[in-house]
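Residue numbers begin at 1 in each chain, while the letters A, B, ... track the order of the sequences.
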2 protein chains.
Amino acid sequence: MKKKTTIYDIAEKLGLTAATVSRALNNNTKISLNTRKLVLDTALEMNYEQNKLALALKSGKSYNVGVIVPRIDSNFFSSVIRGIEEELYPKGYHVIICQTHNQENIENEKINSLVNVQVDGILMSISNANLEENKGFNKLLKNKKTPLVFFDRKKDIKGISSVTIDDFKGGYDATKHLLDQGCKRIAHLSNDRNFEIFRNRYLGYKQALSDNGIEFDESLVIETQSNVLDGRRVARLLLDMETPPDAIFSSSDFAALGAIQEIKESGFNIPEDICVVGFSNEPFTRFMELTAITTVDQFPLEMGRTAAQVFLEEVSNTGDTKITKNVVLTPQLIIRKSSLKHKEG
Amino acid sequence: MKKKTTIYDIAEKLGLTAATVSRALNNNTKISLNTRKLVLDTALEMNYEQNKLALALKSGKSYNVGVIVPRIDSNFFSSVIRGIEEELYPKGYHVIICQTHNQENIENEKINSLVNVQVDGILMSISNANLEENKGFNKLLKNKKTPLVFFDRKKDIKGISSVTIDDFKGGYDATKHLLDQGCKRIAHLSNDRNFEIFRNRYLGYKQALSDNGIEFDESLVIETQSNVLDGRRVARLLLDMETPPDAIFSSSDFAALGAIQEIKESGFNIPEDICVVGFSNEPFTRFMELTAITTVDQFPLEMGRTAAQVFLEEVSNTGDTKITKNVVLTPQLIIRKSSLKHKEG
DNA sequence: TATTATGTTGTAATCGATTGCATATAAACC
DNA sequence: GGTTTATATGCAATCGATTACAACATAATA
């Protein structure tokens with residue numbers, strides 16, 4: 001009911017000016033110690049709380065950052081967000097969450113919307129491989145004051161920072177591991193390679209093959225959505241081939257799971273007949289009892305933390321030259337049963 | 001580099017007043033159609049975007065809502081948040097995320113912090129069973145203008161809305177199901193029963209026992225943290241009893257998983273020797289191949305959506321009397337292998 | 001022609017805090 | 001005692017938008 005107390009209320013009560021009260025609250029040395037103490041005490045007594053909106057308007061800083069992800073209810077993204085929140089909150093920032101559901105128009109809209117509410121920066125994992133064609137995005141780009149940091153799904157744009165993992169290495173290590181297991185016909189469940197992450201995993205896969213004298217076979221690479229159902233669909237295609245593969249490296253844990261289900265139901269054994277490796281280290285890959293899934297850990301918590309740190313560096317940079325950082329984290333292959341033919345592996 | 005255009009810029013360019021421009025942009029009929037069109041066109045041309053901070057300061061509405069959860073990287077909470085975001089964004093609200101990690105002081109601090117940035121409401125799942133003792137919380141309570149909605153972990157406080165599931169029924173159904181399987185010595189992994197959710201699951205468990213002529217045995221109820229490790233610890237205790245239980249109903253999927261691991265490693269079979277039921281329907285409970293875990297679905301997405309709707313009703317309520325809604329969703333028992341002794345079950 | 005109504009725009013206060021500049025008081029110095 | 005200097009506070013503009021009220025011009029009416 002009763003309005004919040006403002007510096008004017010305090011000023012009036014003490015027969016001072018709002019200016020003096022403001023300075024006193026900010027511990028400005030121009031104000032005498034007596035007055036400062038008096039104001040502080042009265043503020044406490046009157047339950048004064050600074051109106052951050054007014055401050056934001058005056059200073060141009062909202063102390064909000066926007067985070068845009070395809071969806072929040074996947075372990076990877078929620079872990080990244082966790083990292084971001086934990087890193088930014090102690091510095092006074094709040095985190096605003098937006099989901100795109102992989103729809104470009106929604107992504108567009110949310111970028112605009114965040115810019116509109118004067119966020120101090122945006123951390124995002126892109127949903128649109130052609131982000132540069134976005135009006136909202138370009139507006140953001142031009143406005144160099146608001147830092148933009150990509151994580152995971154990034155676009156290689158000059159002057160924009162990013163935090164990713166070395167997807168090439170992830171793909172390479174996964175494939176190399178399968179080769180070490182004696183696999184010769186390794187299929188790859190890829191995804192839209194307009195996205196760097198999928199392109200790089202694919203390139204790592206190819207390189208590992210080439211480095212080990214295996215000829216690349218285009219028919220073994222299939223574009224697959226990152227979900228269980230599509231994993232099944234694609235596994236079916238592979239199993240129906242004249243010579244089915246003896247291993248699958250999937251860009252997604254979910255697709256890997258679908259593939260495993262389809263393979264098992266078709267009477268094949270994992271890893272004996274077909275080895276499977278996923279990507280992301282989703283929790284369920286560990287908990288599967290019969291065939292815990294070999295996968296690549298992306299360290300999402302660290303990714304979030306790092307992205308937040310890069311943002312902090314950029315906002316605190318008052319110089320004229322913009323700093324751009326492109327941090328690449330190292331992924332880790334986690335070997336589990338789904339690909340382990342030899343116990344000593 | 002170049003500043004954002006404001007209504008003053010437009011006004012100056014057109015030889016008008018900011019007031020007129022403001023009205024024109026808001027399609028006020030007091031402004032002539034000609035001027036309105038002129039202003040609108042010029043605004044477009046000059047890339048004008050309304051400064052929401054200024055608006056927020058003037059109107060007292062920030063169009064931000066705060067969401068406080070113990071942690072975001074669990075499927076349950078991230079799904080709730082997904083529901084909240086999807087429901088609120090179309091109404092113009094942004095969602096600010098805060099985590100407490102179950103620490104009371106952090107919860108306190110974050111409540112204060114959110115109130116400070118003038119959120120229009122707070123949706124939260126409490127981390128402190130004695131929330132009423134919080135200063136920050138009480139401040140929020142007194143300020144009836146800012147709606148507060150509890151979800152899942154609530155506190156029964158007069159005048160505060162909530163969205164929960166019927167935890168009593170969840171506990172009852174789970175226990176009843178175990179009884180139907182022929183189990184007679186059913187242990188319960190509970191948790192801090194100062195929280196309503198855990199108390200109610202416990203009470204449902206007790207009621208089911210009593211309704212079916214099984215005497216309640218206090219030694220079979222153990223307070224357990226909601227994680228795998230503590231599940232193992234507690235399972236060990238139960239297995240070491242003179243007469244171990246023939247079933248476990250756990251308030252947490254994670255503890256259930258730990259228990260299952262411990263039980264199996266001790267040479268017992270699930271469900272033949274011991275049946276296990278969890279709570280929450282975390283994704284991994286479904287993916288476990290040998291012993292997919294029977295659990296209780298809490299419909300987190302719907303819970304989030306509903307909580308958001310309750311919030312919207314409260315903010316749009318301009319009347320003098322506050323509406324309080326306590327929505328209780330119905331949980332669903334999902335029977336899987338970990339508790340299914342009889343195929344026809 | 002004087003008066004009222006109507007439509008359109010301007011004036012200025014407001015939201016709450018910050019800050020450059022001016023000013024008043026008191027202390028210090030010659 | 002008069003002038004300088006330090007200290008403490010006030011004045012007023014600013015951030016960007018909204019809005020009650022005033023004011024003006026024009027058209028309609030008596």
So, OP1 or OP2 of D:dG16: does either fall under 4.0 Å of a side-chain N or O from B:S22? no

Mind checking B:S32 for me? I need base, sugar-phosphate or nothing, with any heavy atom below 4.0 Å counting as a touch. sugar-phosphate

Contact class for A:L16 vs. all strands (heavy atom < 4.0 Å): base, sugar-phosphate, or nothing? sugar-phosphate

Rounded to whole angstrom units, what separation is found between the NZ atom of A:K30 and the C1' atom of D:dT5? 13 Å

Hey, does the side-chain of A:R23 have a donor or acceptor N/O within less than 3.5 Å of a partner on the base of C:dG20? yes

Sidechain-backbone polar pair: B:K154 side chain, B:V163 backbone, donor-acceptor under 3.5 Å: no

Nearest whole Å is fine: how far is D:dT7 P from A:I31 CD1? 13 Å

Base, sugar-phosphate, or nothing for A:L55, non-hydrogen atoms under 4.0 angstrom? sugar-phosphate

Contact under 4.0 Å: A:T20 side-chain N or O vs D:dT9 OP1/OP2: no

Using a 4.0 Å heavy-atom cut-off across all strands, classify B:E49 as base, sugar-phosphate, or nothing. sugar-phosphate

OP1 or OP2 of D:dT18 under 4.0 Å from side-chain N/O of B:Q50: yes

Is the distance from OP1 or OP2 of D:dT18 to the nearest side-chain N or O of B:N26 less than 4.0 Å? yes

Note: A:P147 and A:D120 closest approach over all heavy atoms is CD-O, 3.0 Å

Whole angstrom value for the distance that separates C1' of C:dG16 from CG of B:N51: 15 Å

For A:R36 and D:dA8, what is the distance between atoms CZ and P respectively, to the nearest whole Å? 8 Å

Distance-only, no hydrogens or angles: does the B:S125 side chain make a donor-acceptor pair with backbone N or O of B:F151 under 3.5 Å? yes

Is the backbone N or O of B:N28 less than 3.5 Å from a side-chain atom of B:R23, with the two atoms forming a donor-acceptor pair by type? no

For B:Y8 and A:Y8, take the nucleotide of DNA chain D holding the closest heavy atom to each; which residue's nucleotide lies nearer the 5' end? A:Y8

Heavy atoms under 4.0 Å, any strand shown: does A:T35 hit a base, just sugar-phosphate, or nothing? sugar-phosphate

Without hydrogens or angle criteria, can the side chains of B:S78 and A:S78 be said to hold a donor-acceptor pair below 3.5 Å? no

